[in-house]
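Just so it is clear: chains get the letters A, B, ... in the order the sequence lines come, proteins before strands, and each one is counted from 1. Because the structure is a prediction, the values reported are computed rather than measured.
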2 protein chains.
Amino acid sequence: MHGEFFLILRKSSNYFAPYRFPHLTRTTMIDKSKVTLKDIAKELGISVSTASRALKAHPDIAKETVRAVKELAEKYQYVPNSLAISFRKKKTFNIGLVVPEIVHHFFSNIISGAIATANQSGYNVMVSQSNDVLQDEKAAVNAMLHSGVDGLLISISNETVLGEHIQELMHAGKPVVQMDKVTDHLKTPQVIVDDFDGAYQAVQHLIQNGYRKIAHFRGRPIVKNANQRYFGYLQALKDAGITPEKDWVKHCVQINEAEGYRFAKELLEGPNPPDAFFCITDLVALGVLRYLKEQKIEVPGEVGLMGFSNWKLAEISSPALSTVDQHGYEIGVRATQMLLDSLAGASISSDAITEIKTNLVIRESSGRKKVQQQTQEALVGNN
Amino acid sequence: MHGEFFLILRKSSNYFAPYRFPHLTRTTMIDKSKVTLKDIAKELGISVSTASRALKAHPDIAKETVRAVKELAEKYQYVPNSLAISFRKKKTFNIGLVVPEIVHHFFSNIISGAIATANQSGYNVMVSQSNDVLQDEKAAVNAMLHSGVDGLLISISNETVLGEHIQELMHAGKPVVQMDKVTDHLKTPQVIVDDFDGAYQAVQHLIQNGYRKIAHFRGRPIVKNANQRYFGYLQALKDAGITPEKDWVKHCVQINEAEGYRFAKELLEGPNPPDAFFCITDLVALGVLRYLKEQKIEVPGEVGLMGFSNWKLAEISSPALSTVDQHGYEIGVRATQMLLDSLAGASISSDAITEIKTNLVIRESSGRKKVQQQTQEALVGNN
DNA sequence: CTGTTAGCGCTTTCAC
DNA sequence: GTGAAAGCGCTAACAG
């Protein structure tokens with residue numbers, strides 16, 4: 001009901017006016033700022049090639065000439081036409097970046113790291129998103145291919161399996177680096193989160209704090225990351241001598257808060273309630289937390305809780321949510337470095353896998369379990 | 001302490017190998033995919049210009065020729081060299097986008113909207129960030145200028161006043177549209193949030209729900225948006241016949257959760273406690289909420305609370321935070337539309353201001369105040 | 001040390 | 001209907 005917007009137009013000068021008079025453009029307006037090598041060569045009575053070489057201080061060129069050319073270039077604020085250079089060199093100094101979702105804490109961190117790194121080396125980054133839809137991803141990748149990026153960073157969509165569209169780009173000689181959501185069908189370097197280890201540490205931490213009946217709300221089995229976290233969970237239980245309880249593993253269809261709430265309720269009202277929850281994502285964990293608070297179940301103490309991803313959310317929930325930080329920024333940085341290296345001529349193995357270690361972020365929700373008489377032997381390890 | 005990462009390298013085939021043998025590149029590897037107009041013209045025994053025209057079905061060209069050319073183009077998967085086209089046409093079909101921070105719910109929404117819109121029209125978007133540092137912004141803008149964007153979308157940094165670097169780009173004939181964080185020194189269209197009205201509505205809503213002693217935790221006075229929200233707050237009070245209390249307006253230095261907590265504590269422990277809080281941002285509001293919950297103050301009921309921005313945070317806090325949605329995505333869309341229009345030759349007034357209406361998101365924290373005997377007359381309007 | 005030449009791939013007069 | 005030719009701005013043999 002608040003859906004309408006309104007528009008105010010104040011009229012006066014037309015900044016964009018030049019576009020209305022294309023016939024004037026060439027001679028009067030734009031060319032002012034377009035001094036070419038030819039212009040400065042002519043003025044100095046030298047050849048274009050000499051001017052070109054002088055500007056990059058080619059050893060062959062006389063110091064005097066270099067000085068004169070540079071001076072004039074300065075005077076006229078000569079700026080080389082990058083379009084011509086791109087054309088000539090078949091290189092744009094642009095790299096492409098495609099992620100499933102831009103509005104997402106983890107991915108925007110990746111983007112941020114990638115852009116910072118690329119810019120430092122004089123590259124610009126073209127960003128696009130797939131919305132986890134294969135068609136959109138294809139469109140994005142093709143657009144980038146056609147607009148002439150030098151290479152591509154990509155985190156594939158849920159729907160992407162073989163990635164022929166990416167293959168095509170590779171055939172065109174563009175290096176590709178995959179990030180986080182990856183497929184092994186594509187023979188490219190990968191920079192991924194060590195989800196297994198992150199989950200392992202999270203669960204181990206719960207165990208060390210006295211929880212043993214640990215439930216896991218996991219993601220869809222087609223998604224590699226979800227599997228890795230699940231396997232990490234299993235391994236941590238195993239290493240602590242705990243037998244996993246099948247009923248305590250729930251598959252989230254949507255990765256959201258409601259799902260956490262729903263499963264927590266289901267399990268906690270059931271005959272065999274767990275005493276801790278490790279959730280695929282902070283959002284799911286906060287759903288669990290909501291249920292626990294509603295039921296006035298003490299967190300931590302009675303029940304322990306761990307999320308995954310370290311969203312802002314986790315920091316300011318109460319109790320503050322313990323979670324696992326995935327270092328999205330770092331992933332962006334590393335992936336970009338690899339891409340730039342290969343663009344600079346380095347040879348990088350097509351199946352180099354860089355695993356970025358996660359970081360346990362221990363806040364309140366995973367604090368030590370309150371010891372009860374009959375379960376004192378549950379204390380394993382120390383805090 | 002968890003700061004190290006590790007790296008696994010598996011070795012085998014070298015996808016990037018071509019880059020190691022530049023002398024082979026030209027003849028053996030890459031050219032395969034680079035069929036040019038010349039190639040297909042030669043094979044058909046026609047001239048390049050005819051081929052060019054045929055591909056775009058120029059009316060002059062014989063139908064037969066058109067068919068033959070298109071067929072061959074299809075067969076060879078001819079894809080026009082976009083670098084050459086850019087060069088020739090002095091147009092890249094890329095637009096630049098600079099924001100203070102990519103990892104920020106509002107800005108990433110803007111980015112998302114801008115990219116979606118641009119892509120639809122065949123434009124790619126080059127993204128960069130200023131970190132609210134003038135130097136970085138200059139670097140970003142210059143990089144974009146030099147890499148040949150056709151136009152620029154920008155949300156300026158806190159440190160930007162005159163924006164000469166942006167002016168420079170405009171002089172080079174590139175249209176610019178400002179978004180959200182804007183300066184009037186730059187004669188460009190602006191797409192902004194109606195912060196005044198958003199704040200006005202938020203405060204009005206609190207008043208309608210029975211709160212009259214409304215505090216405001218505001219942002220820095222150099223920031224236009226912060227002022228607008230403050231003015232909206234004042235106006236809403238005024239229109240309800242409430243005299244603003246100077247002590248209830250606090251200046252946040254950092255816009256964060258701690259700041260909200262701090263000021264809430266200060267005011268609520270003071271001699272003249274307010275009964276509601278309108279905060280410059282959801283984050284600040286959540287700080288207030290934390291204090292309220294600690295003190296077991298009922299929200300809503302005893303105290304009402306409104307944020308601004310509608311972050312994910314607001315949705316899942318408890319009580320869920322009422323707030324103001326700024327429609328970041330919509331801003332990105334509108335700004336991009338304007339830019340594309342002007343790129344397409346439309347003349348757009350240099351001071352067109354598009355104000356995007358905000359949206360009151362009413363959740364729990366602003367619910368009706370509990371009526372006490374002596375304040376029944378405080379009921380104004382209806383729910 | 002410097003100039004000449006050729007050409008990147010495409011578009012666009014201008015002829016025929 | 002089609003082709004020839006010029007040129008966008010720059011680089012890089014090659015030849016002096």
Side-chain angles (χ1 to χ4, degrees), chain A residues 22-23 25-27 30-31 33-70 72-73 76-93 146-148 172-173, chain B residues 22-23 25-27 30-31 33-70 72-73 76-93 146-148 172-173:
Chain A
H23 58 291
T25 296
R26 185 165 298 253
T27 46
I30 294 193
D31 272 21
S33 57
K34 294 219 168 176
V35 187
T36 73
L37 271 188
K38 198 162 147 191
D39 297 329
I40 86 148
K42 200 191 298 174
E43 178 152 347
L44 254 36
I46 61 176
S47 77
V48 179
S49 49
T50 303
S52 168
R53 280 174 292 210
L55 272 183
K56 26 186 82 69
H58 188 106
D60 277 0
I61 304 294
K63 297 227 163 110
E64 178 52 24
T65 314
V66 170
R67 200 197 48 69
V69 171
K70 287 198 168 168
L72 207 59
Y76 287 154
Q77 305 221 65
Y78 167 76
V79 25
N81 179 329
S82 57
L83 268 50
I85 295 178
S86 289
F87 173 52
R88 190 62 238 274
K89 297 229 175 135
K90 295 170 178 10
K91 185 156 171 32
T92 56
F93 285 94
H146 292 158
S147 93
Chain B
H23 58 291
T25 297
R26 184 166 295 254
T27 45
I30 295 191
D31 272 23
S33 56
K34 295 219 168 175
V35 187
T36 73
L37 271 187
K38 199 163 148 190
D39 297 331
I40 86 148
K42 198 190 300 174
E43 178 151 348
L44 254 37
I46 61 176
S47 76
V48 178
S49 47
T50 304
S52 169
R53 281 175 289 214
L55 270 184
K56 27 186 79 69
H58 187 107
D60 277 1
I61 304 296
K63 297 229 164 109
E64 177 53 22
T65 314
V66 170
R67 200 199 45 69
V69 170
K70 287 199 169 169
L72 207 58
Y76 288 155
Q77 305 220 64
Y78 167 75
V79 24
N81 179 330
S82 58
L83 268 50
I85 294 178
S86 290
F87 173 52
R88 190 62 235 277
K89 297 226 174 138
K90 294 169 181 7
K91 188 158 170 29
T92 56
F93 285 94
H146 291 156
S147 94

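- In this structure, B/K56 reaches the C/dT11 phosphate: one of its side-chain N or O atoms is under 4.0 Å from OP1 or OP2.
- Considering every non-hydrogen atom in both B/I85 and B/P80, the closest pair reads CD1-CB, 3.8 Å.
- Rounded to an integer number of Å, the gap from CG of A/L55 to P of D/dC10 is 9 Å.
- When the nucleotides C/dC10, D/dT2, C/dT11 are ranked by their closest atom to the side chain of B/N81, C/dC10 comes out on top.
- For A/L37, the side-chain atoms get nearest to D/dT11 when compared with the rest of C/dT2, D/dT11, D/dT2.
- Residue side chain B/R88 does not reach the base of D/dG9 through any donor-acceptor N/O pair under 3.5 Å, judged by distance alone.
- With rounding to whole Å, A/D39 atom CG is found 9 Å from D/dC10 atom P.
- Residue B/S49 places no side-chain N or O under 4.0 Å from the OP1 or OP2 atom of D/dG3.
- Residue B/K70 comes nearest to B/L55 through the heavy atom pair CE-O, 3.6 Å, listed as atom of the first residue, atom of the second, then distance.
- Proximity of A/S52 to the phosphate of D/dT11: a side-chain N or O atom is located under 4.0 Å from OP1 or OP2.
- Put simply, NZ on A/K89 is 18 Å from C1' on C/dG9, counting in whole angstrom units.
- B/I46 comes within contact range of the sugar-phosphate backbone alone, with a heavy-atom separation under 4.0 Å but no base atom that close.
- Atom pair A/I85:CD1 and C/dG7:C1' shows a separation of 16 Å (rounding to whole Å applied).
- In this structure, the CD1 atom of A/I40 is 12 Å from the P atom of C/dG3, given to the nearest Å.
- The nearest heavy atom of DNA chain C to B/R53 and to B/P80 marks one nucleotide each, and the one closer to the 5' end goes with B/P80.
- One can place NE2 of A/H58 at 16 Å from C1' of D/dC10, the figure rounded to the nearest angstrom.
- Looking only at distances, a side-chain donor or acceptor of A/S82 sits under 3.5 Å from a matching main-chain atom of B/H146.
- Look at A/Y78 and you'll find a side-chain N or O under 4.0 angstrom from OP1 or OP2 of D/dC10.
- When each of B/K63 and B/A84 is assigned the nucleotide of DNA chain D with its nearest heavy atom, B/K63 is the one assigned upstream, toward the 5' end.
- The side chain of B/K90 sits closest to D/dC8 out of D/dC8, D/dT11, C/dC8.
- A close approach under 4.0 Å does occur between a side-chain nitrogen or oxygen of A/T65 and OP1 or OP2 of C/dT2.
- Residues B/I46 and B/V69 are in side-chain contact: their nearest non-hydrogen atoms beyond the backbone lie under 4.5 Å apart.
- Nearest approach of A/Y78 to A/L37, heavy atoms of both residues: OH-CG, 3.5 Å.
- One atom, NZ of B/K42, and another, C1' of D/dA4, lie 17 Å apart when rounded to the nearest Å.
- Among all heavy-atom pairs drawn from B/S147 and A/L83, the shortest one is O-CD1, 4.4 Å.
- Residue-to-nucleotide proximity on DNA chain D shows that, of B/F87 and A/T50, the 5′-proximal contact is made by B/F87.
- Rounding to whole angstrom units, NZ of residue A/K38 and C1' of D/dC10 are separated by 12 Å.
- For B/I61, taking side-chain heavy atoms from C-beta onward, the closest of the listed nucleotides D/dT2, C/dG9, C/dT11 is D/dT2.
- Checking C/dG3, D/dC10, C/dT11 against the side-chain heavy atoms of A/T36 singles out D/dC10 as nearest.
- Contacts of A/D60 with the nucleic acid, taken as non-hydrogen atoms under 4.0 Å apart, include base atoms.
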